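To start, the structure under review is shown below, and the notes come after it.
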Amino acid sequence: MLRAFFIYLSNLHWMRDLILRLVFARKASRRFVAGETCQDAVGVIAAQARQNILSTIDHLGESVETEAQARQAAQDYVDVLDCIAASGVTSHVSLKLTQFGLDVSGDLCRELVSSVIEKAAQMGTFVRIDMEGSPHTERTISVYRDMRQKHSNCGIVIQAYLYRTEDDIKKLVDEGIANIRLCKGAYQEPASIAFPKKADVDANMVKLMQFMLSDQARAKGAYLAMATHDVKLIEATRRFVAERNISKDAFEFQLLYGIRRDVQQQLAAEGYRIRVYVPFGQDWYRYFMRRLAERPANVLFIMSNLFKP
Ligand SMILES: Cc1cc2nc3c(=O)[nH]c(=O)nc-3n(C[C@H](O)[C@H](O)[C@H](O)COP(=O)(O)OP(=O)(O)OC[C@H]3O[C@@H](n4cnc5c(N)ncnc54)[C@H](O)[C@@H]3O)c2cc1C
């Protein structure tokens, strides 16, 4: 119920305009967002690197409405790649297709995303295409397929809460393009297309993890980024790879900046490949609201910290 409410709030433009102006809300967003500038994110990436934690950087933004905004978003990503190179840190890049104009024109989106992937390839880095709400699932997978025709340095995100996901993953594995970040899914979806019960989502996530790490899938080039803070799912993955002698660098764990830092550090200390998603930028409202939706207890935590002397 609360989850649905926060997701609803995340889509209200007037609320976004209001919250973005509030100093205390900006302070609260720092719990999950590295800062407003690329240099802020670079500082986090460098600190993570010292702890053997890899990064994927996200310049916050989504759902642009004009071609000019989409072109600006693509230029911002080119600037982010330049900023990373100039700072001497290394990081993958994560982006959302609606930020690159997916709702304006599919061709425009393809052109812009391709140019960023091309630039990332020149720098020897990798681009992950985030997954958004279900109205964008089919189009996101379609753009990803097209990108993989020309570029090998990109991957996609797939959400375990959707019924269609098992089928999607099997097809991507068969096509030899299954570089997948597997997550539970952060949007509000109806029971007609997504498992309404957390236990079913968790069970599907374990099933898909095991399929992605199977000999059969890895023989076809499948690579899994297991994106969760759920210690039961992390443990299930560790057990599965240990039982099958799967090398720790045959897959990776991914977590979000600001969430379960203890788990991030523990996994790194144990020699697992671990990458943390580092979002930055001024358009943090919707990302922030999704983090509150995942765990409404965050609201209390944030409020109590704001009033600490
Ligand atoms: C690297 C990464 C990239 C992602 N990319 C996408 C994407 O492209 N598309 C998409 O739809 N979703 C994405 N997600 C979000 C994902 O779908 C889930 O909504 C989110 O990870 C919460 O699910 P969970 O697996 O952590 O399990 P949950 O069962 O939600 O949480 C397990 C435990 O993790 C901790 N936790 C989880 N969330 C929070 C939080 N917000 N604040 C504090 N503690 C928390 C709590 O201790 C909780 O008990 C991404 C997640 C990660 C880690």
Side-chain angles (χ1 to χ4, degrees), residues 2-4 6-7 10 28-34 48 53-58 60-62 91-99 102 126-137 140-141 144 154-162 165 168 179-189 193-195 197-206 208-209 224-237 251-264 267 273-279 284 286-302 305:
L2 267 172
R3 175 187 161 97
F6 279 108
I7 300 279
S10 76
S29 72
R30 289 296 180 278
R31 161 102 163 75
F32 303 113
V33 174
Q48 290 185 165
I53 295 176
L54 304 164
S55 300
T56 181
I57 190 170
D58 168 46
L60 290 163
E62 52 200 271
S91 177
H92 287 182
V93 172
S94 289
L95 55 80
K96 290 186 172 47
L97 294 186
T98 63
Q99 188 176 10
L102 185 62
F126 180 90
V127 175
R128 176 77 59 188
I129 299 175
D130 287 352
M131 186 57 79
E132 303 178 65
S134 56
H136 298 105
T137 309
T140 300
I141 294 174
Y144 173 61
C154 61
I156 192 170
V157 180
I158 297 284
Q159 300 153 324
Y161 62 15
L162 295 180
T165 281
D168 287 333
N179 190 318
I180 292 175
R181 174 197 295 154
L182 179 65
C183 66
K184 290 189 186 177
Y187 298 80
Q188 189 63 27
E189 303 293 359
I193 61 166
F195 295 103
K197 289 194 191 134
K198 178 177 158 41
D200 293 332
V201 179
D202 294 358
N204 201 35
M205 187 111 166
V206 170
L208 298 169
M209 170 273 286
L224 172 70
M226 184 71 176
T228 184
H229 315 93
D230 189 329
V231 287
K232 287 193 308 304
L233 296 185
I234 291 172
E235 190 45 40
T237 310
F251 70 104
E252 66 190 54
F253 287 110
Q254 293 196 357
L255 286 86
L256 298 175
Y257 172 74
I259 302 182
R260 297 302 309 249
R261 287 201 175 102
D262 56 335
V263 175
Q264 298 176 12
L267 289 170
R273 188 183 284 175
I274 154 144
R275 189 176 308 278
V276 167
Y277 187 99
V278 181
W284 44 261
R286 281 168 289 197
Y287 179 86
F288 178 58
M289 294 306 272
R290 285 197 293 276
R291 301 295 77 81
L292 297 185
E294 280 154 4
R295 197 162 176 258
N298 284 334
V299 180
L300 291 177
F301 173 84
I302 282 164
N305 275 285

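The figures that follow rest on heavy atoms only: side chains count, while hydrogens, waters and symmetry mates do not. Keep in mind that what you see is a predicted model, and the values were worked out from it rather than measured. Indexing begins at 1, ligand by ligand and atom by atom, following the structure's order.
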Exercise for the section: Could you tell me whether ligand 1 has any atom less than 4.0 Å away from a heavy atom of K198? Expected result: yes

Please work out whether any backbone atom (N, CA, C, O) or any side-chain heavy atom from C-beta onward of [X] is under 4.0 Å from ligand 1, and answer side chain, backbone, both or neither.
X: Q159; result: side chain
X: H229; result: both
X: V157; result: side chain
X: L255; result: backbone
X: R275; result: neither

Handout entry: Nitrogen or oxygen atoms of Q254 and ligand 1 under 3.5 Å apart
Key = no

Practice task
Report yes if some N/O of A186 lies less than 3.5 Å from some N/O of ligand 1; otherwise report no.
Solution key: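 For ligand 1, there is an N or O atom that lies under 3.5 Å from one belonging to A186.
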
Practice task
Over all heavy atoms of both residues, which pair between S94 and R181 is shortest? Give the atoms and the distance, please.
Solution key: OG-NH2, 2.9 Å

Practice task
May I ask you to establish whether R291 and Y287 are in a cation-pi arrangement, using a distance under 6.0 Å from NZ or CZ to the six-membered ring centre and at most 45° from the ring axis?
Solution key: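 Pair R291/Y287 counts as cation-pi.
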
Practice task
Please check atom 38 (N) of ligand 1 for a protein heavy-atom neighbour under 4.0 Å.
Solution key: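 For atom 38 (N) of ligand 1 the answer is yes, since some protein heavy atom falls inside 4.0 Å.
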
Exercise for the section: If you have a sec, work out which protein heavy atom is nearest atom 6 (C) of ligand 1 and how many Å separate them, to one decimal? Expected result: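 The answer is C183 SG, 3.9 Å.
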
Fill in the blank from the handout: Tested for side chain to side chain contact (heavy atoms under 4.5 Å, CB included) against I156, the lone hit among D130, I141, D168, N179 is I141

